[in-house]
Amino acid sequence: MLHGYSIVDGESRLGNGTAFRGFNPATGAALDPVYHGASLEDLDTAARLAEEAFTTYGKLPGKQKAVFLRHIAAGLDAIAAELVERAHYETALPEARLKGELARTVNQLRLFAQVVEEGSWVNARIDPAEPDRKPLPRADIRSVLRPLGPIAVFGASNFPLAFSVAGGDTASALAGGNPVVVKAHPAHPGTSELVGQVISGSVRECGLPPGVFALLFAAGAELGCELVEHPIIKGVGFTGSLTAGKALMDRAAGRPEPIPCFMEMSSANPVIVLPEALRTRGAQIAQGLFGSFTLGVGQFCTKPGLVFLPRNEHADALVAELSNRVEQAAISPMLTEGIARNYRSGVAHRRESRGVETVAQAASEGSENTHAVPVILQISAGDLKQKPELMTELFGPTALVVRYEDRRELLLLLRSLEGQLTATLHGTDADIAEYADLIAVLERKAGRLIVNGFPTGVEVCHAMVHGGPYPATSDSRATSVGTLAIYRFVRPVCYQDFPHAALPAELKDNNPLGIWRMVNGELTRSVVNPR
């Protein structure tokens with residue numbers, strides 16, 4: 001049952017902040033209940049309780065954290081129909097898409113449960129004492145990863161489940177031993193509350209301190225800024241716009257004690273079609289490209305927004321095929337009226353830019369304020385050099401085709417790109433071998449390189465990297481998807497000459513957890529010879 005309240009100390013709490021409602025983007029109808037923004041007092045209470053909980057939860061054995069994460073996953077599965085229905089009303093996303101997103105959400109919780117249950121992720125390292133070493137003895141030195149403390153997580157507008165209250169940031173922070181305070185996204189408050197109730201119930205039923213999880217609602221940005229600046233918060237996970245992410249980064253950096261921010265913000269996700277692939281399967285690439293940049297009304301952070309093509313007849317044919325598909329495309333609602341407004345103004349700005357040609361657009365008769373019209377634009381590489389801002393992200397179902405004259409011009413353009421989440425190459429084996437220098441450039445620009453595929457669709461697995469150089473993310477060494485995401489919210493702690501009884505279990509001589517450890521520089525599950 002929805003109440004319209006935040007969740008603090010394991011209970012629903014009526015805030016005294018600005019009241020707001022969710023809206024159905026397809027109809028414009030306001031949805032019940034009314035949500036009441038959390039107060040600064042609620043925020044402070046949530047943070048203090050998180051700090052209290054950290055003393056217990058931060059040292060919880062991996063097997064117990066795994067039970068907790070699986071309990072959350074089971075709880076979400078149990079209300080799947082209700083969750084999908086509410087998320088559909090609040091986002092206008094198709095129910096099939098939302099069912100898939102829910103499956104991804106529960107699967108990543110279970111994947112992190114496997115990781116912490118097995119336990120080797122803590123990167124335990126042991127260099128036993130060498131008292132007889134010459135010219136100086138070596139102390140007993142051991143290290144392991146430890147959680148940072150309470151983490152602030154921000155729900156994303158475009159993924160009401162997988163990047164929201166129980167999404168990857170929350171799952172990885174909890175897996176690492178950190179309590180979480182979530183600021184829900186106002187675009188899908190009912191979905192957020194339902195998920196928050198499941199997590200809060202799991203905290204209670206697993207016998208954990210109530211401060212392990214809190215959910216705060218707010219209509220505007222002020223509460224989020226206050227959350228990042230709260231002295232108890234030790235890290236931030238965020239997915240959203242560059243403007244909002246940069247503002248939070250500045251707040252975090254300006255604190256008396258700066259804290260790490262892991263922000264996923266902006267990416268145009270370039271696609272480069274190499275000559276032989278263009279000649280042999282241009283129509284097939286056009287079909288896949290159209291499906292990728294219009295998927296979810298173009299509201300994916302990995303949507304391909306830039307397409308680099310040479311100036312020849314094979315590229316002309318690809319653009320013609322793409323145009324045909326765009327002209328027949330459906331008009332669909334975006335997540336919010338504000339997102340749709342920004343999309344329309346962004347397309348208009350590009351059309352007004354020198355050298356930009358509108359190649360094709362879908363029919364727009366009868367479209368509502370929240371609906372987005374798919375558009376394909378085109379520009380020459382020479383004109384793009386004069387307007388580099390056109391190489392930035394535009395959220396929505398549009399892509400800019402860039403026509404270049406030769407290989408040298410292509411490389412110059414790619415070297416001028418900002419950091420990206422992804423970069424995609426379409427090419428034969430011969431193309432890929434011939435353009436090795438291009439791949440070397442893209443390795444420095446993107447976190448994930450794709451060959452003969454499309455960037456939309458991010459697999460949740462151990463090897464996935466969903467990150468990249470700024471402004472794609474705030475820290476290119478991190479990922480917000482996959483099990484590597486856990487390393488954002490931990491830090492190494494070294495124990496020198498500790499009594500054996502006082503060592504964490506991961507560092508004890510007899511390896512009671514049976515994990516992989518680095519002992520004298522070699523990975524092993526063996527015991528360490530007692531001192």
Side-chain angles (χ1 to χ4, degrees), residues 154 156 158-159 163 168-169 172 235-250 252-253 258 260-272 292-293 298-308 342 346 350 379 381 384-385 387-396 398-400 402 404 409-425 435-451 453-459 463-482 484-485 487-488:
F154 288 77
N158 60 334
F159 279 86
F163 279 88
D169 290 338
S172 55
V236 182
F238 169 90
T239 296
S241 71
L242 178 59
T243 300
K246 184 65 165 60
L248 294 176
M249 287 171 59
D250 290 344
C261 282
F262 298 97
M263 328 297 273
E264 193 259 277
M265 298 176 291
S266 175
S267 182
N269 305 298
V271 174
I272 302 100
S292 189
F293 84 78
Q299 297 169 117
F300 281 76
C301 47
T302 52
K303 181 212 76 172
L306 290 171
V307 184
F308 291 89
N342 289 338
R350 293 188 174 206
I379 191 172
L384 185 60
K385 291 172 191 174
K387 298 285 289 185
E389 66 272 18
L390 297 181
M391 290 194 284
T392 57
E393 179 184 53
L394 177 53
F395 209 54
T398 186
L400 179 64
V402 182
Y404 61 89
E409 191 169 48
L410 173 62
L411 284 169
L412 285 173
L413 281 173
L414 295 180
R415 289 191 181 105
S416 68
L417 279 173
E418 295 181 326
Q420 307 289 329
L421 292 172
T422 72
T424 299
L425 288 171
Y435 281 80
D437 52 349
L438 186 151
I439 295 172
V441 171
L442 295 178
E443 284 178 339
R444 300 187 64 185
K445 296 294 182 179
R448 177 163 60 110
L449 305 185
I450 301 152
V451 170
F454 294 94
T456 42
V458 182
E459 183 71 26
M464 178 52 64
V465 174
H466 188 63
Y470 183 88
T473 63
S474 56
D475 189 335
S476 63
R477 298 168 296 176
T479 175
S480 60
V481 178
L484 285 171
Y487 293 107
R488 297 174 298 169

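The figures that follow rest on heavy atoms only: side chains count, while hydrogens, waters and symmetry mates do not.
Minimum interatomic distance between Glu393 and Met265 (heavy atoms only, all atoms of both residues): OE1-O, 3.6 Å. For the pair Ile450 and Thr422, the tightest heavy-atom approach, listed with the atom from each and the gap, is CD1-CB, 4.1 Å. Across all their heavy atoms, Asp169 and Gly237 have their closest contact at OD2-C, 3.4 Å. Nearest heavy atoms, Ala253 versus Pro258: O-CG, 3.7 Å. Residues Ala268 and Met391 share a closest heavy-atom pair of CB-O, 3.4 Å. Closest heavy-atom contact between Phe262 and Ser474: CA-OG, 3.5 Å.
Judged purely by atom type and a 3.5 angstrom limit, Lys303 has no side-chain atom pairing as donor or acceptor with the backbone of Ala399. Between the Thr473 side chain and the Gly468 main chain, a donor and an acceptor come within less than 3.5 Å of each other.
With a 4.5 Å cut-off on side-chain heavy atoms, Asp475 and Arg488 do not count as touching. Inter-residue side-chain proximity for Leu417 and Leu414 is flagged as met; some heavy-atom pair is nearer than 4.5 Å. The shortest side-chain heavy-atom distance between Leu242 and Tyr470 falls under the 4.5 Å cut-off. Looking only at side-chain heavy atoms (C-beta outward), Leu421 and Cys301 come within less than 4.5 Å of each other. The shortest side-chain heavy-atom distance between Arg415 and Arg444 does not fall under the 4.5 Å cut-off.
Ring orientation note: the planes of Phe163 and His466 are tilted relative to one another, at an angle of 30° to 60°.
Qualifying side chain to side chain donor-acceptor pair (under 3.5 Å) partners for Ser267, counting only residues two or more places apart in sequence or in other chains: Asn269, Gln420. Remark: Glu389 pairs with Lys387 by the salt bridge (charged side-chain N to carboxylate O under 4.0 Å, His left out) rule, at least two apart or across chains.
Residues Phe300 and Phe159 bring their aromatic ring centres within 6.0 Å.
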